[in-house]
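Everything numeric here is computed off the predicted structure, so don't read it as measured data.
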Amino acid sequence: MKRIVAGIVAHVDAGKTTLSEALLYNAGVTRKLGRVDHGDSFLDTNQIERERGITIFTEPAVIESPNMELTLLDTPGHVDFSAETERTLRVLDYAVLVVSASDGIQGHTETLWRLLRQYDVPTFIFVNKMDMPETSRQAMLAQLQRRFSDSCADFTANAAGELDAATLETIALQDDSAMDQYMASGNVDIPTIAGLIARRRVFPVYFGAALRMEGVTEFMRGFETYTQQPAYGEDFSAQVFKISHDASGNRLTWLKVTGGELCAKMVLESGEKIDQVRVYSGAKSTTVERMAAGEVCAVTGLGRTVPGEGLGAAESAGALVLQPVLTYTLLPGDCDPHACLVALRELEDEEPLLHVVWQPRLQEVHVQLMGAVQLEIVEKLMRSRFGLEVAFGQGSILYKETISVPVEGAGHFEPLRHYAEVHVLIEPLARGAGVEFATAVSEDVLDRNWQRAIVQHLREKEHLGVLVGAPLADVRYTLIGGRGHLKHTEGGDFREATYRAVRMGLMVARDAGECVLLEPWYRFRLEVPQDMLGRAMSDMQRMSGVCEAPSADGEFAVLEGEAPVSEMRDYAMDVNAYTHGRGRISLVFGGYRDCHDADVVVEHAEYDAESDLENTPDSMFCAHGAGYPVKWYKVPEFCHVPMQTIQ
């Protein structure tokens with residue numbers, strides 16, 4: 001029996017959970033066809049999900065047939081919870097992309113398609129709501145082929161269970177061996193078709209109405225026929241895709257076994273031991289002793305795992321494509337701020353992109369969020385799970401900082417009976433590259449353990465820029481020099497010296513005019529009536545946006561491009577107003593670029609890097625038995641290790 005892990009993904013309200021419920025009912029897993037709008041769906045297990053009528057958390061269900069064990073993962077559809085969906089894509093063998101026939105391909109649908117391509121996930125497409133008026137199978141297939149790929153093919157079988165000639169011809173055009181079969185016999189065999197689907201060369205399209213159970217049996221039959229179980233290695237490996245907590249407060253690590261076997265009481269390389277192994281289907285779970293490759297489970301006992309982490313022989317995944325662009329300030333009201341911070345830390349454990357930060361300078365707690373709906377859900381979770389009535393202030397743009405030239409920073413920490421000096425080279429990287437770490441010091445100069453400690457201190461802290469105090473991004477830190485003392489150096493000394501070295505280097509860059517403020521940009525797709533295209537293009541120019549050449553889609557003009565988040569936040573309401581409800585815009589995170597109004601933002605922030613004592617650039621030296629401070633610009637004159645670059 002083959003094991004398949006498949007995720008159902010879609011734009012909100014396309015009928016994704018409805019299709020999941022129909023598949024479960026059709027397979028006999030449930031005796032009643034659950035509905036999202038009735039609050040009784042099998043896979044929306046959280047009370048908040050039932051109240052809101054949307055999927056917030058990825059939930060699994062297991063469907064068994066004579067030839068297949070299918071683990072179905074129902075993912076969130078709302079854009080605010082798209083990070084949860086993206087994490088799930090990493091463990092999928094196949095995806096089922098649901099498209100609403102009444103709404104067509106939406107902006108977030110295209111975002112999902114791009115993510116599926118990036119993560120190389122073979123994809124089946126289910127066009128839902130075909131029972132709605134004025135829906136056309138031919139028109140929807142043409143739209144899929146135009147917007148997604150010309151390899152999208154109608155896999156609706158005839159009475160004999162065979163694909164029609166047009167579909168077979170589309171399949172044959174994707175591969176030489178398939179073409180040879182088609183030319184020789186007028187057909188392409190199932191293993192060849194399944195192989196093309198697995199390699200994302202063909203995308204099967206099915207049509208139906210999940211709420212009426214139309215097309216569900218045909219889709220499931222086709223899915224079972226045209227899927228292949230991936231090959232797995234013998235060594236244990238697993239991919240973590242989610243963290244949650246059960247009703248008893250136990251921390252659950254959700255993972256897919258991608259090689260070998262996972263057993264209860266197994267000790268991982270990290271030293272942590274797996275306690276229970278649970279298999280969930282909806283809200284119900286069973287405890288098992290072992291899981292084979294290709295299966296999904298939740299385990300207890302692991303306290304340090306994070307989504308995207310690889311266990312055993314598996315490599316950890318990189319950063320998510322979708323990132324929050326707004327930061328909000330916690331308003332604790334009458335609640336204990338410490339209790340609020342502890343609760344938010346638990347939520348951050350489940351959703352790392354919340355990135356909960358205590359700002360000592362402002363005496364505030366900040367969280368990063370994707371949007372207003374996620375903010376509302378966080379407030380409800382704080383209330384229902386922790387009994388805390390909190391609110392959040394107005395969201396503000398999440399800026400970042402970087403540098404444009406390499407700089408060397410030196411930090412010295414030498415109060416009485418302490419000693420450490422660190423030299424760090426900070427170099428700019430390409431936009432979106434993230435943060436890298438390296439060392440270029442001989443162990444003859446600086447002991448290996450001390451080097452490891454310094455690199456760890458570089459990693460452990462989110463270093464702040466010196467323009468507005470925003471996180472530093474797209475840089476490489478390289479340890480290029482340092483010194484310790486066998487008698488006086490203690491564990492925290494290198495930490496202090498490392499932090500000061502980074503800040504000193506940034507101050508050098510600032511005075512040279514080489515610090516750069518970055519802001520998030522949206523990638524947009526704007527559809528407006530043809531006669532309103534001029535207004536739309538004028539708006540984009542006013543908002544410092546960059547547009548591609550407009551295109552036509554029937555009576556609508558389509559404008560695609562990128563623009564700063566700060567300018568686009570409320571533009572959807574403007575579009576709705578000037579098009580009288582006929583226009584629509586979709587926005588997705590498009591990365592960080594140089595801030596279009598950096599001088600204004602820096603002036604408004606009123607950030608004084610030298611007064612930020614939690615992130616001081618100054619150093620501490622010692623003379624005559626007493627420590628004394630040295631301003632950052634004087635540090636090169638006092639260093640015990642010579643500066644290696646010209647400042």
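- Considering only heavy atoms from C-beta on, His11 stays 4.5 Å or farther from Leu112 through its side chain.
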Applying side-chain contact (heavy atoms from CB on, under 4.5 Å), run through Ser20 and Leu72 and close with a yes or a no.
-> CA-CA 8 Å; Ser20 301; Leu72 194 65; 4.2 Å; yes
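- Under the 4.5 Å side-chain criterion, counting only non-hydrogen atoms from C-beta, Trp358 is not in contact with Leu344.
- Of the possible donor and acceptor atoms, one in the side chain of Thr489 sits under 3.5 Å from a partner among the backbone N and O of Tyr419.
- A 4.5 Å side-chain heavy-atom check between Val96 and Tyr94 finds every atom pair outside the cut-off.
- Residues satisfying the salt bridge (Lys or Arg N to Asp or Glu O under 4.0 Å) criterion with Lys273, sequence neighbours excluded, are absent altogether.
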Check the pair Tyr119 / Glu86 against side-chain contact (heavy atoms from CB on, under 4.5 Å), numbers first and verdict last.
-> CA-CA 9 Å; Tyr119 289 108; Glu86 184 180 348; 2.6 Å; yes
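- Proximity of a side-chain donor or acceptor of Gln228 to a complementary backbone N or O of Ala198 within less than 3.5 Å is not detected.
- Considering CG of Leu311 and CG of Leu255, their distance stands at 6.0 Å, rounded to 0.5 Å.
- Taking every heavy atom of both residues into account, Cys335 and Cys340 meet most closely at CB-SG, 3.7 Å.
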Would you mind writing out the side-chain donor-acceptor pairs for residues 421-429 within the sub-3.5 Å range, not counting sequence neighbours?
unit_1	atom_1	unit_2	atom_2	d
Glu421	OE1	His412	ND1	2.5
Glu421	OE1	His640	N	3.0
Glu421	OE2	His423	NE2	2.9
Glu421	OE2	His640	N	3.3
Glu421	OE2	Val641	N	2.8
His423	ND1	Glu408	OE2	2.8
His423	NE2	Val641	O	3.2

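- In this structure, CG in Asp74 is found 8.0 Å from CD in Glu59, a value given to the nearest 0.5 Å.
- Here Arg345 pairs with Glu348 under the salt bridge (Lys or Arg N to Asp or Glu O under 4.0 Å) rule; sequence neighbours left out.
- Checked against ring pair (Phe, Tyr, Trp, His ring centres under 6.0 Å), Tyr477 has the following partners two or more places apart in sequence or in another chain: Phe437, His463.
- Salt bridge Glu414/Arg483: absent, no basic N to carboxylate O contact under 4.0 Å.
- Between the side chain of Glu364 and the backbone N or O of Leu330, no donor-acceptor pair lies under 3.5 Å.
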Check step by step if side-chain contact (heavy atoms from CB on, under 4.5 Å) holds for Thr616 and Arg500.
-> CA-CA 6 Å; Thr616 180; Arg500 293 162 192 260; 3.8 Å; yes
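- In this structure, the side chain of Gln359 does not engage the main chain of His366 through any donor-acceptor pair within 3.5 Å.
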Report the C-alpha distance between Phe81 and Met370 in whole Å, list the side-chain angles of each, state the deciding distance to 0.1 Å, and finish with yes or no for side-chain contact (heavy atoms from CB on, under 4.5 Å).
-> CA-CA 7 Å; Phe81 307 102; Met370 302 290 279; over 6 Å; no
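- Side chain of Glu272 to main chain of Gly303: a donor-acceptor pair is present (N/O by atom type, distance under 3.5 Å, no hydrogens or angles).
- Between Val378 and Glu351 the shortest side-chain heavy-atom distance does not fall below 4.5 Å.
- Here CD1 of Ile8 is found 12.0 Å from OG1 of Thr85. Values are rounded to the nearest 0.5 Å.
- Using a 4.5 Å heavy-atom threshold, the side chains of Glu84 and Gln374 count as separate.
- Using modelled atom types, no side-chain atom of Glu69 and backbone atom of Met1 make a donor-acceptor pair closer than 3.5 Å.
- For the residue pair Leu506 and Gly465, the shortest heavy atom distance occurs at CD1-CA, 4.1 Å.
- Listed by first and then second residue, the ring-ring contact (aromatic ring centres under 6.0 Å, His included) pairs that reach into residues 240-271 are Trp254-Tyr280, sequence neighbours excluded.
- The number of heavy atoms from other shown groups lying within 6.0 Å of CZ (Arg199) is above 12.
- With sequence neighbours excluded, the residues satisfying side chain to side chain donor-acceptor pair (under 3.5 Å) with Arg290 are Glu261.
- Separating the CG atom in Asp474 from the OG1 atom in Thr402 is a distance of 5.5 Å, to the nearest 0.5 Å.
- Taking CG of Leu458 as the start and OG1 of Thr478 as the end, the distance is 9.0 Å to the nearest 0.5 Å.
- Donor-acceptor pairing under 3.5 Å is lacking for the side chains of His418 and Glu496.
- Residues Thr287 and Val277 are not in side-chain contact: their nearest non-hydrogen atoms beyond the backbone lie 4.5 Å or more apart.
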Side-chain donor/acceptor pairs under 3.5 Å, residues 315-327, sequence neighbours excluded:
unit_1	atom_1	unit_2	atom_2	d
Ser316	OG	Gly310	N	3.0
Gln323	NE2	Leu320	O	2.9
Thr327	OG1	Val367	O	3.4

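- Between the side chain of Ser442 and the backbone N or O of Asp444 there is at least one donor-acceptor pair closer than 3.5 Å.
- The ring pair (Phe, Tyr, Trp, His ring centres under 6.0 Å) check on Tyr399 picks up nothing, with sequence neighbours excluded.
- Taking the side chain to side chain donor-acceptor pair (under 3.5 Å) definition, one finds that Glu460 meets it with His457, Arg495, Tyr499, sequence neighbours left out.
- Rounding to the nearest 0.5 Å places NZ of Lys16 at 11.5 Å from CG of Leu97.
- Counting only residues at least two apart or in different chains, salt bridge (charged side-chain N to carboxylate O under 4.0 Å, His left out) contacts with residues 246-256 comprise Asp93-Lys256, Asp246-Arg278, Arg251-Asp349.
- Listed for the Thr58 side chain is no donor-acceptor partner under 3.5 Å among the backbone atoms of Leu73.
- Note: Phe223 and Phe124 have tilted aromatic rings, judged against thresholds of 30 and 60 degrees for the angle between ring planes.
- Contact check for Pro337 versus Val365: no side-chain heavy atoms found under the 4.5 Å cut-off.
- No side-chain donor-acceptor contact under 3.5 Å links Glu234 to the backbone of Gly259.
- Thr75 and Thr88 share no donor-acceptor pair across their side chains, judged by distance under 3.5 Å alone.
- In terms of modelled atom types and a separation under 3.5 Å, the side chain of Arg3 and the main chain of Glu295 share no donor-acceptor contact.
- Comment: Arg383 does not engage Glu379 in a salt bridge, judged by the lack of any side-chain N to carboxylate O separation of less than 4.0 angstrom.
- With sequence neighbours left out, the ring pair (Phe, Tyr, Trp, His ring centres under 6.0 Å) criterion links Tyr25 to no other residue.
- In this structure, the side chain to side chain donor-acceptor pair (under 3.5 Å) partners of Glu443, at least two apart in sequence or on a different chain, are Arg448.
- Looking at Val121 and Leu115, their side chains never come closer than 4.5 Å, going by heavy atoms from C-beta outward.
- Summarising the geometry of Gln451 relative to Thr439, their closest heavy-atom pair is OE1-OG1, 2.8 Å, with the distance given to 0.1 Å.
- Looking at every heavy atom in both residues, Pro307 comes nearest to Pro352 through CD-CG, 3.8 Å.
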